[in-house]
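Here's the structure we're looking at; comments come further down.
The residues of the chain are indexed from 1 along the displayed sequence.
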Amino acid sequence: MITRTTTIGTLKNYRYDLNSSNNTLAKSMNKVITRRNFNSYAEDPALATRCFQMRRSFLRTSTQLTINESIRHKYDVAWSALDNISQDIDTVAKDTAFTSILTGLNQPDASGRNALGQSMAAKAKSIIQTMNGRYGESFVFAGADSLNAPFTWEAKRNPNFLDETPDPTNPDHARAFQYMADPNKTGDAAILYTEDPTKAQTVAEKNEFYDEDYTKEIDAKVAAGTATGEELRDPRYGIYVRPDRSGTNVEAEANQAPVENPDYDPYWNCKYLKEDGTGTNDETKAASALYFRGVAVDSTDPADLEKMDYFTKGEKKYLDVGLGHKEQDGEAISSTVFNSALQGIYYLGGYGTSMQKATVGTGDTAYEVEREVPNNMVSIMNRMSEILLRCNTDDGDWASTEDEEEFMALAAKFEDTASVIKQRWDEMDTKSSFLRDNTDFLTDTADSISQQFMALEDADPAAAISEYMFARYCYDAALKVGNSILSQSLMDYMSL
């Protein structure tokens with residue numbers, strides 16, 4: 001059977017084929033212009049899906065790289081700050097804070113102790129300025145709270161300040177009363193403390209000059225009847241003192257003194273403390289105390305120590321830097337994220353106080369002491385500066401034996417804390433190295449993924465041009481063949 005060819009049928013078929021050819025030409029031209037193998041999901045669903053997955057991986061890796069780079073730069077700033085501080089507290093190099101300590105301990109140079117005190121105070125302030133440094137708009141050493149300065153200098157508060165009317169029946173208010181109350185005298189068994197010595201418990205008053213050997217010697221003379229009145233009136237004689245201040249070994253003859261309250265604090269109603277430890281309510285006369293995020297660095301208050309424990313051990317700021325971020329029970333698994341929170345207090349040695357042993361004096365006169373001193377390097381330096389500034393301005397003598405003993409303990413603690421800071425500086429160096437290596441790893445990963453999806457999405461320019469030229473040739477040929485077919489079909493139609 002022969003199919004009859006008509007002009008309408010021929011035109012219809014020709015128009016369809018020509019449109020297909022034109023569409024092929026348009027696609028090839030678009031590939032040359034955009035240099036892409038496809039421009040919509042519908043063009044190649046399988047290839048588009050693969051590219052989408054790789055692009056998503058690329059974006060995730062790029063985000064991790066950006067975060068890692070930001071943390072790395074922050075750690076570089078922190079590392080530089082600790083490097084400067086480490087040089088300031090070096091126990092070997094010259095012209096450091098430790099050199100000032102050794103100079104302050106050297107008796108021939110004692111006259112310069114006041115100047116050394118000023119120098120150490122300046123160094124302490126300089127360290128805090130460094131630790132309050134920023135990276136961009138964020139404070140580097142402020143932990144998770146990067147918007148507020150981590151360290152501040154404030155008036156030293158009195159930990160024993162009682163901001164309420166003292167109650168003599170409340171054991172928590174003991175520091176406000178000088179004596180232990182006698183319930184038989186007050187007539188109220190609930191009263192524990194008193195400020196009135198006539199209402200206090202009494203005890204035989206001890207002789208502050210008592211000399212046991214001398215007393216035994218005079219007692220032997222008393223028994224022999226050879227003791228003189230002058231010997232009996234010697235301040236060294238007698239465990240107790242009579243009302244006339246002469247000594248006696250008979251408790252019944254002793255003067256009755258009010259029992260002192262061991263918890264009494266003469267500065268209980270003073271809000272601040274001066275450099276010498278006495279109280280004041282004038283903030284301008286108070287000593288300076290270091291605070292970290294609103295908490296006193298040297299505080300021994302359990303509530304303050306709990307906050308510090310949280311800052312240094314509990315508070316985290318986790319970020320995804322390509323370690324395989326995972327969560328469990330809504331919490332990030334620490335091994336799959338990076339903690340970017342830098343707690344300045346940790347890198348200055350710590351917080352609170354501890355007991356420190358030290359040797360005072362040299363040679364046969366040397367003896368050991370143990371004192372409660374701060375754990376934080378800046379607090380140590382600040383306290384040492386206060387002691388040095390109290391020294392005699394002419395000959396540099398210590399203001400008291402207690403000052404000398406405390407300074408020796410602080411000097412020993414300084415050396416120990418400097419070693420701790422160096423170790424923690426090395427920890428930061430290790431973390432900085434990890435971030436630098438992780439930057440290289442993430443960069444290589446991002447480049448690899450990028451090359452993969454670009455190989456699938458991007459067209460080969462030479463192949464695309466060749467494809468376009470062939471499509472153009474086919475389209476032109478279709479036009480020429482069409483003209484020939486149309487003319488023959490028209491004649492065939494007219495002959496009918």
Side-chain angles (χ1 to χ4, degrees), residues 54-90 92-93 126-147 149-151 311-327 331-350 377 417-454:
M54 283 186 285
R55 276 190 174 275
R56 185 174 60 181
S57 297
F58 175 77
L59 290 174
R60 181 170 59 248
T61 304
S62 297
T63 302
Q64 292 167 346
L65 178 59
T66 300
I67 294 172
N68 189 87
E69 280 289 271
S70 178
I71 301 173
R72 184 177 69 83
H73 290 311
K74 173 184 174 180
Y75 265 71
D76 287 343
V77 173
W79 187 90
S80 178
L82 289 183
D83 186 30
N84 292 333
I85 294 172
S86 182
Q87 293 176 16
D88 287 340
I89 62 176
D90 197 309
V92 178
S126 175
I127 289 176
I128 293 304
Q129 287 181 345
T130 301
M131 295 300 289
N132 279 343
R134 297 190 187 195
Y135 170 62
E137 295 299 319
S138 301
F139 288 96
V140 175
F141 289 102
D145 178 18
S146 58
L147 300 179
F151 291 99
F311 289 150
T312 56
K313 301 171 186 176
E315 184 180 72
K316 309 294 182 184
K317 188 176 183 180
Y318 288 135
L319 294 174
D320 181 10
V321 293
L323 303 179
H325 179 209
K326 289 185 179 180
E327 295 186 1
E331 296 289 335
I333 300 175
S334 59
S335 60
T336 65
V337 287
F338 187 87
N339 178 26
S340 65
L342 295 176
Q343 305 290 354
I345 194 68
Y346 174 79
Y347 292 101
L348 288 182
M377 175 58 75
T417 304
S419 177
V420 170
I421 290 176
K422 182 63 169 62
Q423 293 173 3
R424 293 176 180 177
W425 179 51
D426 290 340
E427 289 178 16
M428 175 167 288
D429 190 25
T430 302
K431 291 182 179 180
S432 295
S433 297
F434 163 76
L435 291 170
R436 285 191 290 271
D437 293 341
N438 198 47
T439 295
D440 296 337
F441 170 75
L442 291 173
T443 300
D444 292 342
T445 302
D447 289 344
S448 177
I449 296 174
S450 175
Q451 290 173 7
Q452 290 180 50
F453 72 72
M454 287 178 65

Treating [X] as the side-chain partner and [Y] as the backbone partner, does any N or O pair qualify as donor plus acceptor under 3.5 Å?
X: Q343; Y: F311; value: yes
X: T430; Y: D426; value: yes
X: T130; Y: S126; value: yes
X: E315; Y: A144; value: yes
X: N438; Y: V321; value: yes

Testing the 3.5 Å rule here: is there a donor-acceptor pair between the side chains of T439 and N68?
yes

Flag for Y346-E427: side-chain donor and acceptor within less than 3.5 Å
yes

To the nearest 0.5 Å, what is the distance between [atom1] on [X] and [atom2] on [Y]?
X: K317; Y: D145; atom1: NZ; atom2: CG; result: 9.0 Å
X: D320; Y: T336; atom1: CG; atom2: OG1; result: 8.0 Å
X: W79; Y: S433; atom1: CH2; atom2: OG; result: 9.5 Å

Min side-chain heavy-atom separation [X]-[Y] under 4.5 Å:
X: P150; Y: N132; value: yes
X: Y135; Y: S70; value: yes
X: S448; Y: D444; value: no
X: M428; Y: L82; value: yes
X: I71; Y: L319; value: yes
X: V420; Y: W425; value: no

Of T445, T443, T66, which is the lone residue that meets side-chain contact (heavy atoms from CB on, under 4.5 Å) with T61?
T445

Walk me through it: do V337 and L323 pass the test side chain to side chain contact (heavy atoms under 4.5 Å, CB included)?
CA-CA 6 Å; V337 287; L323 303 179; 5.9 Å; no

For residues [X] and [Y], report the shortest heavy-atom separation together with the two atoms involved.
X: I421; Y: M377; value: CD1-CB, 3.6 Å
X: A341; Y: G143; value: CB-C, 3.9 Å
X: G344; Y: F151; value: C-CZ, 3.5 Å
X: G350; Y: R424; value: N-NH1, 3.9 Å

For side chain to side chain contact (heavy atoms under 4.5 Å, CB included), just list the numbers for L147 and E137, CA-CA rounded to whole Å, side-chain angles, deciding distance to a tenth of an Å, and then say yes or no.
CA-CA 7 Å; L147 300 179; E137 295 299 319; 6.0 Å; no

Can S334 and K316 be said to form a side chain to side chain contact (heavy atoms under 4.5 Å, CB included), step by step?
CA-CA 9 Å; S334 59; K316 309 294 182 184; over 6 Å; no

Near F434 CZ, under 6.0 Å, is it more than 12 heavy atoms from other residues, nucleotides or ligands?
yes

Quick one, M131 with I85, criterion side chain to side chain contact (heavy atoms under 4.5 Å, CB included). Give me CA distance, side-chain angles, the key distance, then yes/no.
CA-CA 9 Å; M131 295 300 289; I85 294 172; 3.3 Å; yes

Sequence neighbours excluded, every pair satisfying salt bridge (charged side-chain N to carboxylate O under 4.0 Å, His left out) that has a member inside residues 57-76
E69-R72, R72-D76, D76-R436

Let's go through Y75 and F338 carefully: what are the C-alpha distance in whole Å and the side-chain angles of both, what is the deciding distance for ring-ring contact (aromatic ring centres under 6.0 Å, His included) to 0.1 Å, and is it a yes or a no?
CA-CA 12 Å; Y75 265 71; F338 187 87; 5.8 Å; yes

